[in-house]
Amino acid sequence: MARRTKAEAQETRRAIMQAAMRQFSQQGWAATSLVDVAREAGVTRGAIYWHFENKAELLIALWQELCEPIGQMLSASLNVDEPDPLGHLERFLLLLLENVTESDSHREFFRLFFNQTEPSSEVEAFHRMIKEEIAVYQSELKAALCNAIHRGQLPSDLDVDQAAVFIHCALDGLILNALHPCSMISLALHTKTYVHFILSALRHGLPDEANTGCCAK
């Protein structure tokens with residue numbers, strides 16, 4: 001039998017990921033098996049295991065694909081020679097929140113992401129992998145904030161560790177509220193306003209007794 005080309009393998013991987021997103025959305029992540037995904041994608045279970053070790057790895061691949069284009073905007077603020085790191089950070093925040101309101105795939109993924117609470121080895125594996133991804137994300141946020149401080153766009157005494165946590169929690173809170181059926185906010189109408197509030201809080205800095213000035217060197 002002829003060997004599959006790289007393009008054919010990538011096409012199969014793409015079909016598996018699309019099928020997984022549909023199945024996860026319809027049945028929930030915990031209730032979906034790799035057999036369900038294989039059937040939906042029209043491939044064998046062996047084909048799935050060729051590309052993904054388990055459901056957690058498949059979900060991580062979906063996370064990376066959906067977030068990579070957004071992450072590129074954040075990455076642009078990491079260059080120490082970038083003259084406007086805060087501007088790139090602002091565009092990153094806007095793009096992330098806009099995708100939640102405009103992209104069905106992003107909304108469905110975030111619903112899955114925030115609902116992985118079932119105690120199982122697969123969920124624990126997913127949580128471990130997500131913690132690693134979040135650690136990288138937090139590190140990049142702090143680097144972006146430090147660059148903005150050095151460019152004079154943020155206060156020199158800003159605690160970048162706590163500021164990065166604040167941004168992360170603010171985004172999670174906005175996304176969770178936007179996804180909730182009884183949400184009292186309109187993320188689609190007020191995305192720019194919420195991002196403005198986040199950046200205003202960063203520009204204002206912290207009370208004197210709370211400052212550590214992590215990047216004020």
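From a predicted model like this one, the values you see are computed outputs, not experimental measurements.
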Full working for side chain to side chain contact (heavy atoms under 4.5 Å, CB included) between L86 and R203
CA-CA 10 Å; L86 192 63; R203 291 190 181 103; 3.6 Å; yes
Please examine the side chains of [Y] and [X], heavy atoms only from C-beta on, and report whether any two atoms are closer than 4.5 Å.
X: L93; Y: I167; result: yes
X: F110; Y: L176; result: no
X: V136; Y: S139; result: no
X: I60; Y: Q64; result: yes
X: Q153; Y: L145; result: no
X: D84; Y: R151; result: no

What residues form a side chain to side chain contact (heavy atoms under 4.5 Å, CB included) with I134, not counting sequence neighbours?
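I134 satisfies side chain to side chain contact (heavy atoms under 4.5 Å, CB included) with I130, Q138, H168 once adjacent residues are dropped.
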Euclidean distance, [Y] [atom2] relative to [X] [atom1], rounded to 0.5 Å:
X: T44; Y: W50; atom1: OG1; atom2: CH2; result: 11.5 Å
X: L97; Y: E102; atom1: CG; atom2: CD; result: 10.5 Å
X: E90; Y: K192; atom1: CD; atom2: NZ; result: 9.0 Å
X: S75; Y: E140; atom1: OG; atom2: CD; result: 5.0 Å
X: Q72; Y: L74; atom1: CD; atom2: CG; result: 11.0 Å
X: H204; Y: L199; atom1: NE2; atom2: CG; result: 14.5 Å

Please name the residue in the list D157, L202, L154 that meets the side chain to side chain contact (heavy atoms under 4.5 Å, CB included) test with I149.
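With I149 as partner, side chain to side chain contact (heavy atoms under 4.5 Å, CB included) holds for just one option, L154.
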For M17, run the side chain to side chain contact (heavy atoms under 4.5 Å, CB included) check against L59, T12, L58, L66 and tell me which one passes.
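Of L59, T12, L58, L66, side chain to side chain contact (heavy atoms under 4.5 Å, CB included) with M17 is met by L58 alone.
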Over all atoms of both residues, closest heavy-atom pair of [X] and [Y]:
X: E40; Y: A19; value: CG-CB, 3.4 Å
X: E57; Y: H51; value: OE2-O, 3.6 Å
X: I198; Y: A170; value: CD1-CB, 4.0 Å
X: S77; Y: H88; value: CB-CB, 3.7 Å
X: M21; Y: F109; value: CE-N, 3.7 Å
X: H106; Y: S103; value: ND1-OG, 2.8 Å

With sequence neighbours excluded, residues passing ring-ring contact (aromatic ring centres under 6.0 Å, His included) with F52:
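Expected list: none.
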Would a hydrophobic clustering, with Ile, Leu, Val, Met, Phe, Trp and Tyr connected at side-chain separations under 4.5 Å, put V165 with V195?
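No, it is not one cluster - the side chains of V165 and V195 are not joined through contacts under 4.5 Å.
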Would a single hydrophobic cluster contain both L78 and L89, if residues Ile, Leu, Val, Met, Phe, Trp and Tyr are joined by side-chain heavy-atom contacts under 4.5 Å?
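No, because L89 and L78 fall into different hydrophobic clusters, even though each may have its own neighbours under 4.5 Å.
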Quick check: does any side chain N or O of D36 sit under 3.5 Å from a backbone N or O of T32, one acting as donor and the other as acceptor?
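No: the side chain of D36 does not pair with the backbone of T32.
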Verify, without hydrogens or angle tests, whether R45 (side chain) and A38 (backbone) share a donor-acceptor contact under 3.5 angstrom.
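Checking the backbone N and O of A38 against the side chain of R45, no donor-acceptor pair under 3.5 Å is found.
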Answer yes when K142 and D161 have at least one side-chain N-carboxylate O distance shorter than 4.0 Å, and no when they do not.
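Salt bridge flag = yes for D161 with K142.
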Which word best sums up how the rings of F197 and Y194 line up, parallel for under 30°, tilted for 30 to 60°, or perpendicular for over 60°?
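Because their plane-to-plane angle lies in the 30° to 60° range, the rings of F197 and Y194 count as tilted.
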